[in-house]
Amino acid sequence: MGGIQSCFSPAPYVELKANNVNDTILTYYTNLASAQLGSTLVSATDQYYGNAKHMLRDDNPTPTHQRRDGTHDGWQTRRHLKDASAIVRLGSHGHIYGIEINTIGFDDAAPNTATVEAKREKAPHEWDTLLSDVPIKPDSHNLFLLGTSDHVYSEVKLTIYPGSGVARFRCYGDAVPSWGTNVHSANLASAKNGARIIRWTDIKHSNNPNILLDHSKSAEDGWETPHSRTNARNDFIVVQLATPGILNNVVVSTEHFIGNAPESVSIDGCYSTEEDPAYDYSANWEELVSQARVEANSKNNKFPIDSNQVFSHLRLTIHPDGGIQHFSAMGRPAPPPVEEKKKEVVEEEVTSSEEEEANVPRQTRTRTAAAKRRTRAAAEKAVETIQDLTPRRKKQRST
């Protein structure tokens with residue numbers, strides 16, 4: 001079926017024909033199986049030639065293209081095993097919308113097929129099949145877009161047939177934090193809690209979730225903009241917070257950026273029910289930090305926020321250019337403003353003739369949650385692809 005399961009299957013998916021995840025919709029999600037996010041290997045049935053924890057690394061695999069066993073960058077089992085499996089505990093529990101079974105460098109030692117299962121957070125004895133015995137190509141990214149699901153998963157299990165090798169294993173989705181009842185201060189801009197960069201001006205570098213993770217290994221992990229030539233670049237990012245909240249302070253770390261830190265930063269905030277406030281006509285940006293100077297190579301560029309407003313998004317602007325290591329926003333989760341709790345209805349005019357307009361009332365639609373809108377688009381694409389294949393399957397059956 002061309003790498004596409006039936007929509008009646010327990011695990012519908014679409015195989016993405018791309019040579020890089022950045023060329024797909026999956027780049028808009030967080031890799032929940034990332035080692036930087038805190039994901040760990042629970043167990044593996046065999047690791048004779050390569051430790052399975054290597055699959056969780058965030059860097060791209062180094063392709064050696066050597067046939068000798070044990071020289072590959074990733075997880076590799078001994079030969080002649082009917083199958084092998086590895087269980088990963090996700091650093092952040094969340095919804096899973098895509099899978100990458102990366103076999104770069106494994107020319108003749110890649111599995112033929114693979115199955116991916118996930119354990120539900122609230123039903124630890126129940127495992128859902130996300131991918132069932134899907135074909136795996138050697139020396140390839142093997143990207144899969146999944147159907148919709150409201151389940152929150154805590155662990156994933158990868159089974160390969162036969163025992164062989166996988167360079168990287170990634171689960172793309174949205175983190176779903178579990179806030180306690182008495183949380184007074186949490187980093188609402190942490191990728192581990194579900195925060196994401198959803199808009200940026202520096203196309204090449206700024207869509208980098210590393211600045212929402214506090215690991216601080218080197219400047220390469222941060223965000224460094226290009227140089228300003230004639231005019232100040234003033235690049236910015238928009239961060240969707242893990243949950244709306246009331247902020248206490250924000251911190252911009254320039255650690256490791258000594259001669260290339262920005263001169264100053266400015267920060268604005270808004271509340272929006274949309275994933276991207278650019279599509280919300282009612283979103284109003286409020287200035288929180290007005291072009292404040294920052295120190296180079298410092299973790300303590302802290303700016304207090306004197307506002308009781310509930311914010312869902314922050315916009316960080318770097319003046320005129322430079323690099324930062326980490327961005328955090330400390331605050332407490334809060335319910336949406338009272339006036340925003342009601343369902344917002346957006347009126348949509350029906351295109352019709354002048355005669356019909358007099359008799360046809362204007363239709364309305366209720367704005368859905370941002371996460372459901374994204375997964376719905378993915379599901380629609382899967383269904384469209386399956387429908388496109390239906391005539392072909394019928395023709396094959398008739399012959």
Side-chain angles (χ1 to χ4, degrees), residues 25-40 56 58 88-99 118-122 146 148-156 170-181 183-200 206-215 223 237-248 250-251 269-277 280 310-316 326-336 340 368-378:
I25 189 176
L26 299 183
T27 191
Y28 291 96
Y29 298 106
T30 302
N31 175 20
L32 303 180
S34 161
Q36 287 185 348
L37 210 60
S39 298
T40 56
L56 309 182
D58 290 86
V88 176
R89 180 172 293 115
L90 300 178
S92 292
H93 300 181
H95 307 297
I96 300 177
Y97 304 131
I99 299 290
K119 180 191 290 187
R120 297 185 189 180
E121 180 185 53
K122 295 184 178 180
L146 305 179
T148 59
S149 174
D150 291 330
H151 296 304
V152 176
Y153 296 111
S154 59
E155 294 184 5
V156 288
R170 290 162 178 163
C171 300
Y172 297 99
D174 286 336
V176 179
S178 178
W179 305 109
T181 55
V183 176
H184 298 290
S185 182
N187 183 4
L188 304 183
S190 170
K192 188 175 177 64
N193 290 331
R196 300 191 308 125
I197 298 173
I198 50 91
R199 182 169 285 269
W200 55 92
S206 62
N207 186 22
N208 185 349
N210 288 354
I211 64 172
L212 303 183
L213 292 170
D214 188 13
H215 47 84
W223 168 32
I237 59 172
V238 175
V239 177
Q240 182 184 30
L241 300 178
T243 188
I246 298 174
L247 302 179
N248 301 323
V250 293
V251 180
C270 77
Y271 177 83
S272 174
T273 56
E274 292 286 343
E275 174 186 318
D276 188 344
D280 186 354
V310 175
F311 296 103
S312 61
H313 294 76
L314 294 178
R315 181 172 60 203
L316 168 67
H326 181 235
F327 177 61
S328 61
M330 304 304 296
R332 68 180 187 275
E340 295 290 348
T368 59
K372 290 186 178 180
R373 188 179 62 247
R374 292 196 308 273
T375 54
R376 181 182 60 192

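Note that this is a predicted model, so its numbers are computed, not measured.
Of the inter-residue distances, the one linking Asn210 atom CG with Asp58 atom CG reads 7.0 Å to the nearest 0.5 angstrom. Taken from CG in Asn31 to CD1 in Ile99, the straight-line distance is 9.0 Å, to the nearest 0.5 Å. For the atom pair CZ (Arg196) and CD (Glu275), the distance works out to 4.5 Å, reported to the nearest 0.5 Å. Between the NE2 atom in His93 and the OG atom in Ser154 there is a gap of 4.5 Å [rounded to 0.5 Å]. One finds the CG atom of Leu90 at 11.0 Å from the OH atom of Tyr153 (value rounded to the nearest 0.5 Å). One distance of note links CZ of Phe327 with CG of Leu314; it measures 5.0 Å at 0.5 Å rounding.
Contact record, His95 with Leu32: O-CD1, 3.6 Å, taken as the closest heavy-atom pair. In plain terms, the two heavy atoms of Ser39 and Gly91 that are nearest each other are OG-N, 2.8 Å. The two residues Val310 and Ala334 have their closest heavy-atom pair at CG2-CB, 4.1 Å. Contact between Ala242 and Trp179 at its shortest, heavy atoms only, is CB-CZ2, 4.0 Å. Between Ala33 and Leu56 the shortest heavy-atom distance is O-CD2, 3.6 Å. Annotation for Ala195 and Val239: closest pair CB-CG1, 4.3 Å, computed over non-hydrogen atoms.
Using a 4.5 Å heavy-atom threshold, the side chains of Leu316 and Val250 count as separate. Counting heavy atoms from C-beta on, the side chains of Ser185 and Asn248 come closer than 4.5 Å. Lys192 has its side chain within reach of Leu37: a pair of non-hydrogen atoms, C-beta onward, lies under 4.5 Å apart. Using a 4.5 Å heavy-atom cutoff, the side chains of Ser272 and His313 are in contact. The shortest side-chain heavy-atom distance between Ser312 and Thr273 does not fall under the 4.5 Å cut-off. Considering only heavy atoms from C-beta on, Leu247 comes within 4.5 Å of Leu188 through its side chain.
Asn187 and Ser328 share no donor-acceptor pair across their side chains, judged by distance under 3.5 Å alone.
Atom CZ of Arg332 sits in a sparse spot, with 12 or fewer heavy atoms from other residues, nucleotides or ligands closer than 6.0 Å.
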